[in-house]
Amino acid sequence: MRFSRLYAPTTKEAPKDALLASHIYLSRAGFISQVASGLYNYLPLGKRVLKKIEAVINEEMANIYAQEVELSFVTPIEFWEESGRVNKFGKELLRFKDRKDNGFVLGPTHEEMMVNIVRGRVTSYKQLPLNLYQIKTKFRDEARPRFGLMRAREFVMKDGYSFHASYEDMDREFDLMEATYKRILERLGLEFRIVEADSGAIGGSGSKELMVLADSGEDTIAVCDTCEYGANVEAAVRAEPRCDAPAPALAYEKIHTPELKSINDLSTFFKADSYYIVKTVAKRLIFEEDSKIVLYFLRGSDELQEVKAVNAVNALEIADVSDEELRELGLVPGFMGPMGLENITLVFDASLKGAKSMICGANEKDFHYVGVDMETEQLEFSDLVQVQEGDGCARCAGKLSYTKGIEVGHIFKLGTTYSKPLGATFLDENGKSQEMVMGTYGMGVSRLIAAVIEQHNDEKGCIWTETTAPYRFNILISNIKDEEQLAYAEELYAELSARGVEVIIDDRKERFGFKMNDAELIGFPYTIIVGKNLAEGIVQIAPRSNSEKIEVKKDELLARLMELK
RNA sequence: CGGGGCGUAGCUCAGUAUGGUUAGAGUACCUGGUUUGGGACCAGGGGGUCGAAGGUUCGAACCCUUUCGCCCCGACCA
């Protein structure tokens, strides 16, 4: 490619809306341009990077016999009604009607469609397993798109689906996909962590997320400082906490506690560690049809994890509750507790199982009970706690700490979540009809573009990794009017092109500094500077990843460049 | 969806409080010249329905109403 022909409108200033490094540099360097909220055009450089990432994914998929397909973007809404996901997806699902008044959606993910092309055609266990995937534009009408390609409404995702005759085989494929995704991210040159995750609305028995580590990541993950354990805080677990302070030696009794509403106040008043105080958190849980208030009970030293709270009662959403709403139910804000409540759903954190000598609200203004033991029989326990930094690892003696991650992949063990409602069955060895066991594997291709830059940039611009760079070499002619420079650079360009190397030559009639700044903003891994010291037979290689320019004799240049590969 | 902010040249923004020549700057772009190792300089030039609609007024980028778009915080987000 010739720079003089390249459409890459670079700018000195970033669009005012860009906040993250990836958004700023991808815009400034002319990779993308925004069309509307959450919608982006990919300019030539952006499209090249997208294809580079896709190529790596395609190669790795081929290695494990996954086959690429392409499903229609516009999908009949019937499929979504059949799976029951229309409501679950809500407004994210962009719906519309065609001229004949038939309902359609723009595909935000393709479980339904993929099951549809398999069911009725795959009818025997002999045809399984099967792993099909596509790399395609998805559309989710996000309530709040942001951060450029990081959270766009229209985005490119690789979505894969596997079909199996048994859970064992699904597990095998799941592990294989995890290993394959790991290899893809390694090849892309990313630092990442595979963590346990909440399965969310997609359902299924287990899931893992691939997190590219970056401070700008939207997800908080808890990682162990000793072992491999890592999990999204939505799903992270910890070692059973211990409290060194003694339990308050108080017999069961109702105590007058005027105006003592906070855990802190109570802790001081009773000289008891907050570990021994029951924290009551009221939330409104929203279900498909209705909503209700649920009371969650935790140790005073813990915080409620809202995703866990939602999962504990199988709700869709969680919302805050006002004091008025609580009073209407006969509850007393500040003095709530588990005792003597009827017709309210109560969920206890697992760490309260068998707890003794606890302090809790009496559901009466200015009163608390002390010396309360948790009756384990009738109570419903669930893990509700958000792990904190410094908590012990559940797997080893290590400590957990937080880090931020960009979710670039999510793999799920679906089981029969979709094959059952959509009727994807096969005949097993005994001629018996079985539902297919499925896995699903997503990878955000366009988000990966942003993730690479979030992790690899400096004050000058993008620093593409070897496998993601739009061009590997940039031949910069310092003075285009110098015939020797021009001739040598053109010769080198022809030679590298002939070798199939991805190379661009900066043949623009611009000054050195201008071209160098563009090269650094765009972020080519290597810029070869053909300049004034060509007269002494010297050219320079300027690697983008560090500021050291390497001087090379021109006769040795080609060999050096090929060594870099 | 709640709270806040912003829409003026391709881009970044000034001008709006207190209405009044032909609406400005920087940058980008075009022409000519000089320059050629870090976004260089000189001269000349093109580019705007001031987001849209309606209203007030002799007169609106500016005041009023409505509306659309974009961004931020939160809620939300496989």
Side-chain angles (χ1 to χ4, degrees), chain A residues 9-20 23-24 27-28 30 33-39 83 85 88-93 108-111 138 140-148 150-153 155 157 159 161 197-204 206-210 218-219 232 234-235 283-284 286 306-307 310-311 316-320 407 409-414 417-418 440-444 447 460-461 476-482 485-486 506 508-521 527 529-535 538-540 542 547 549 551:
Chain A
T10 59
T11 59
K12 278 188 195 174
E13 280 172 303
K16 65 176 171 190
D17 297 334
L19 300 170
L20 291 195
H23 192 186
I24 291 170
S27 302
R28 278 191 53 204
S33 76
Q34 182 169 2
V35 192
S37 180
L39 305 180
S83 71
R85 277 214 288 183
K88 221 166 190 177
F89 246 97
K91 287 186 177 168
E92 302 249 309
L93 199 58
T109 175
H110 282 183
E111 279 77 14
K138 303 287 185 294
R140 294 179 191 176
D141 199 358
E142 294 270 0
R144 195 176 156 213
R146 56 188 129 173
F147 304 143
M150 200 71 91
R151 179 171 296 285
R153 289 192 294 172
F155 58 99
M157 182 166 88
D159 50 323
Y161 308 85
D198 171 58
S199 305
I202 202 155
S207 79
K208 289 188 177 178
E209 288 169 335
L210 288 91
E218 292 190 84
D219 289 277
N232 194 308
E234 296 170 358
K283 292 283 174 183
R284 177 168 293 281
I286 297 152
E306 296 200 349
V307 172
V310 168
N311 292 342
L316 292 178
E317 282 180 45
I318 188 166
D320 290 338
E407 182 192 344
H410 200 159
I411 57 178
F412 297 84
K413 293 181 181 180
L414 285 180
T417 313
Y418 293 89
T440 183
Y441 318 97
M443 186 168 259
R447 181 177 282 180
K460 290 173 177 169
L476 191 159
I477 308 168
S478 179
N479 181 357
I480 197 82
K481 288 190 179 165
D482 182 313
Q485 288 180 22
L486 182 62
D506 197 342
R508 294 175 298 173
K509 293 183 180 63
E510 299 287 351
R511 294 162 66 92
F512 175 82
F514 183 90
K515 294 197 218 184
M516 199 62 200
N517 281 333
D518 263 1
E520 285 163 338
L521 177 59
T527 291
I529 303 169
V530 179
K532 60 186 181 188
N533 32 20
L534 183 70
I538 301 288
V539 291
Q540 288 169 314
S547 51
K549 291 174 187 163
E551 298 214 329

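Side chains included, hydrogens not; waters and symmetry mates left out as well; all remaining heavy atoms used. We name chains A, B, ... by the order of the sequence lines, and we start the count at 1 in each one. Source: prediction; values computed, not measured.
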Distance in angstrom units between Asp219(A) CG and C76(B) P, rounded: 14 Å
For G2(B), the Watson-Crick or wobble counterpart (both distances under 3.5 Å): C73(B)
On a whole-Å scale, what distance lies between the P atoms belonging to C62(B) and G4(B)? 23 Å
Go ahead and name the base partner of G39(B); Watson-Crick or wobble counts if both distances stay under 3.5 Å, otherwise write none. none
Using side-chain heavy atoms (C-beta onward) and a distance below 4.5 Å, is His410(A) in contact with Asn232(A)? no
On RNA chain B, check which nucleotide each of Glu92(A) and Arg153(A) is closest to and give me the residue with the more 5' one. Arg153(A)
Using a heavy-atom cut-off of under 4.0 Å over every strand shown, decide if Ala36(A) touches base, sugar-phosphate, or nothing. sugar-phosphate
Span that lies between the P atom of C58(B) and that of G74(B), in whole angstrom: 49 Å
Roughly how far apart, to the nearest Å, are G47(B) and G39(B) at atom P? 31 Å
Work out which heavy atom in Met157(A) is nearest to a heavy atom in Pro108(A); give both atom names and the distance. CE-O, 4.3 Å
Ionic contact status for Asp320(A) with Arg284(A), cut-off 4.0 Å: no
Answer yes or no: is there a side-chain heavy-atom contact under 4.5 Å between Asn517(A) and Lys12(A)? no
I'd like to compare against my own output: the B/S/- annotation of nucleotides 32-39 of chain B with a strict under-4.0 Å heavy-atom distance to protein. ---BBBBB
Pairing partner (Watson-Crick or G-U wobble, both distances under 3.5 angstrom) of U27(B): G10(B)
When rounded to the nearest Å, what value does the distance between C1' atoms of U12(B) and G20(B) take? 29 Å
Value in whole Å for how far the C1' atom of G74(B) lies from CD of Glu306(A): 12 Å
Using the side chain to side chain contact (heavy atoms under 4.5 Å, CB included) rule, pick out the option among Arg508(A), Lys515(A), Gln485(A) that qualifies with Leu476(A). Lys515(A)
Just name whichever nucleotide pairs with G47(B), Watson-Crick or G-U, keeping both distances under 3.5 Å, else none. none
Using modelled atom types only, decide if a donor and an acceptor are shared between the side chain of Arg151(A) and the backbone of Arg144(A) within a distance under 3.5 Å. no
P atoms of A9(B) and C50(B), separation to the nearest Å: 10 Å
Once you apply a heavy-atom cut-off of 4.0 Å, does Ile318(A) come out as touching a base, just sugar-phosphate, or nothing? sugar-phosphate
Is any side-chain N or O of Arg144(A) closer than 4.0 Å to OP1 or OP2 of A75(B)? no
For Pro145(A) and Glu142(A) the tightest heavy-atom approach is CD-O, 3.7 Å
How many Å lie between CZ on Phe147(A) and C1' on G74(B), as a whole number? 12 Å
Between atom NZ in Lys91(A) and atom P in A75(B), what is the gap in whole Å? 18 Å
Please measure how far the P atom in C11(B) lies from the corresponding atom in G48(B), and state the result in whole Å. 14 Å
Is there a side-chain contact between Leu534(A) and Val539(A) in this structure, where contact means two heavy atoms from C-beta onward sitting under 4.5 Å apart? yes
Here the distance between atom C1' of C29(B) and atom NZ of Lys509(A), to the nearest Å, is 17 Å
Over all atoms of both residues, closest heavy-atom pair of Arg146(A) and Glu218(A): NE-OE1, 3.9 Å
In whole angstrom, what separates Phe89(A)'s CZ from C77(B)'s P? 11 Å
Please classify the nucleic acid contact of Ala197(A) as base, sugar-phosphate, or nothing, using heavy-atom distances under 4.0 Å. nothing
How would you summarise protein contacts on nucleotides 41-48 of chain B per nucleotide, using B for base, S for sugar-phosphate only and - for none, with heavy-atom distances below 4.0 Å? --------
So, Thr440(A) and Glu111(A): side-chain donor and acceptor under 3.5 Å apart, yes or no? yes
Paired nucleotide for U65(B) [Watson-Crick or G-U wobble; both distances under 3.5 Å]: A53(B)
First of Val35(A) and Phe155(A) reached from the 5' end of RNA chain B, by closest nucleotide: Val35(A)
Roughly how many Å apart are G55(B) and C73(B), using the P atom of each and rounding to a whole number? 39 Å
Provide, to the nearest angstrom, the distance between the CD atom belonging to Glu13(A) and the C1' atom belonging to A9(B). 14 Å
Please work out if Gln34(A) contacts a base, only the sugar-phosphate, or nothing of the nucleic acid, heavy-atom cut-off 4.0 Å. sugar-phosphate
Have a look at Met157(A) and say if it touches a base, only the backbone sugar-phosphate, or nothing, with a 4.0 Å heavy-atom cut-off. base
Using atom C1' of each nucleotide, how far apart are A61(B) and U49(B) to the nearest Å? 12 Å
Shortest non-hydrogen contact from Phe147(A) to His23(A)? C-ND1, 4.0 Å
Any N or O donor-acceptor pair under 3.5 Å from the base of C77(B) to the side chain of Arg151(A)? yes
Gap between atoms CD and P, on Glu142(A) and C1(B) respectively (whole Å): 15 Å
State, yes or no, whether a side-chain contact exists between Glu407(A) and Arg447(A) at a heavy-atom distance under 4.5 Å. yes
Pairing partner (Watson-Crick or G-U wobble, both distances under 3.5 angstrom) of G19(B): none
Categorize Pro15(A) for me: base, sugar-phosphate, or nothing, with a 4.0 angstrom heavy-atom threshold over every strand shown. sugar-phosphate
